[in-house]
2 protein chains.
Amino acid sequence: MTITETSLSISQMADASGLSTHTLRYYEREGLMLGSIERASSTHRRYSDGDITWVSFLTKLRSTGMPIRDLKLYVELVRAGENTSGARLALLTRHRESVRQQLREVTASLEAIDIKIALYETTVAEREAQQTGQEQR
Amino acid sequence: MTITETSLSISQMADASGLSTHTLRYYEREGLMLGSIERASSTHRRYSDGDITWVSFLTKLRSTGMPIRDLKLYVELVRAGENTSGARLALLTRHRESVRQQLREVTASLEAIDIKIALYETTVAEREAQQTGQEQR
DNA sequence: AGTTGACTTCGAGTGCGCTTCAAGTTCTAG
DNA sequence: CTAGAACTTGAAGCGCACTCGAAGTCAACT
């Protein structure tokens, strides 16, 4: 049984996560990483499997609109240990509700845009038909 | 038959649109209004029915993430007249695709968050069960 | 006519999330 | 061993979309 321990350089991590190296360092500076990143050469970062998983979850929270401020709260709870699971659950549940609300709003606005598009489609089709008629004259 | 011509002050418009009076003036400054807003007292704005409809559509575009820059392009097309309907259709269609993409991404991230929440729910339930057990001792 | 509150302009300020810069250090390939 | 690419830090800068402040004008009520 071989355990494959992945360890990525910052640019590999950037590729893997879709974040820039700048953003990865920024997140670390902001205290969004669980612990301190291992340093292979005592200066160059090496990202572990755990780091990859963690950053991946951070991006899920970010892409659903959670502000950095709240990410900080969440990471602090995780660092504080198992007895904060209630608080973490509360935080995530609250966030989920806001995401759902956001989805409802975007979907509703999208419907209005759909209607507008449909309108333009008929307008454009009519204009094209008219132009074809002119060509026949 | 009575035609009810609505005409709102800026603060009424703010209430009606959900935007602040600051934002309404800002939009106007940025050239996002179709024409110039009527001035009742030659200084105080009066928003017409048409203005209300227009701002309402602007907010649909904004709430789906269209940047101000693109709103400007759109309003310029509308101002330029009927023969830009093809370009407007293209702009809106492109935006719709980006909104759909955005919805897909958020939905996917939300699923990951759902899974995490489910995990915490069992953890919290277990901790509570354990605590109850301790109380019984 | 006076007071209070809503309105005006224009420029500056804010918060967010990166992003870039500068100057130096370290790794890697030949 | 050396050249060049990749990495390091800390601070400054940027783009976006508002948001606020100051100083003054106008409206509506008593």
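Every chain is numbered from 1 and lettered A, B, ... according to where its sequence line falls, protein lines coming before strand lines.
With hydrogens and angles left out, the side-chain atoms of T123(A) and S85(B) include no donor and acceptor closer than 3.5 Å. With 3.5 Å as the limit, one finds no donor-acceptor pair spanning the side chains of Q130(A) and R127(A).
Atom CE of M66(A) sits about 6.5 Å away from atom CD1 of I113(B), to the nearest 0.5 Å. To the nearest 0.5 angstrom, L110(A) atom CG is 11.5 Å from L103(A) atom CG. Between I117(A) atom CD1 and R88(B) atom CZ the span is 13.5 Å, to the nearest 0.5 Å. The CG atom of D51(B) sits 11.0 Å away from atom OG1 of T6(B), with the distance rounded to the nearest 0.5 Å. Here CG of L34(A) is found 11.5 Å from CD of E76(A). Values are rounded to the nearest 0.5 Å. Between the CD atom in Q102(A) and the CD atom in Q102(B) there is a gap of 7.0 Å [rounded to 0.5 Å].
Remark: the backbone N or O of R39(B) is not paired with any side-chain donor or acceptor of T43(B) at under 3.5 angstrom. With S9(A) contributing its side chain and Q12(A) its backbone, the two residues share a donor-acceptor pair below 3.5 Å.
When all heavy atoms of S11(B) and T21(B) are compared, the pair lying nearest together is CA-CG2, 3.9 Å.
In this structure, Y74(A) and F57(A) have tilted ring planes: the angle between them lies in the 30° to 60° band.
Cluster membership for L32(A) and L73(A), using ILVMFWY side-chain heavy atoms within less than 4.5 angstrom, is shared.
Contact check, R29(B) against dC18(D): no side-chain N or O comes under 4.0 Å of OP1 or OP2. When the side-chain nitrogen and oxygen atoms of Y27(B) are compared with OP1 and OP2 of dC18(D), one or more of them lie within a distance under 4.0 Å.
Not counting sequence neighbours, the partners of S7(B) by the side chain to side chain donor-acceptor pair (under 3.5 Å) test are R46(B).
Listed by residue number, the members of residues 90-113 of chain B with any heavy atom below 4.0 angstrom from DNA chain C form an empty set. Within residues 36-47 of chain B, the residues approached by DNA chain D to less than 4.0 Å at the level of any non-hydrogen atom are S41(B), T43(B), H44(B), in residue-number order. At a non-hydrogen distance threshold of 4.0 Å, H22(B), T23(B), Y26(B) from residues 9-26 of chain B come into contact with DNA chain D. The stretch residues 63-74 of chain A touches DNA chain C through P67(A), I68(A), R69(A), each having a heavy atom within less than 4.0 Å of the strand.
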Polar-atom pairs under 3.5 Å, protein N or O versus N or O of nucleotides 28-30 of chain D: list them with distances, or write none.
none

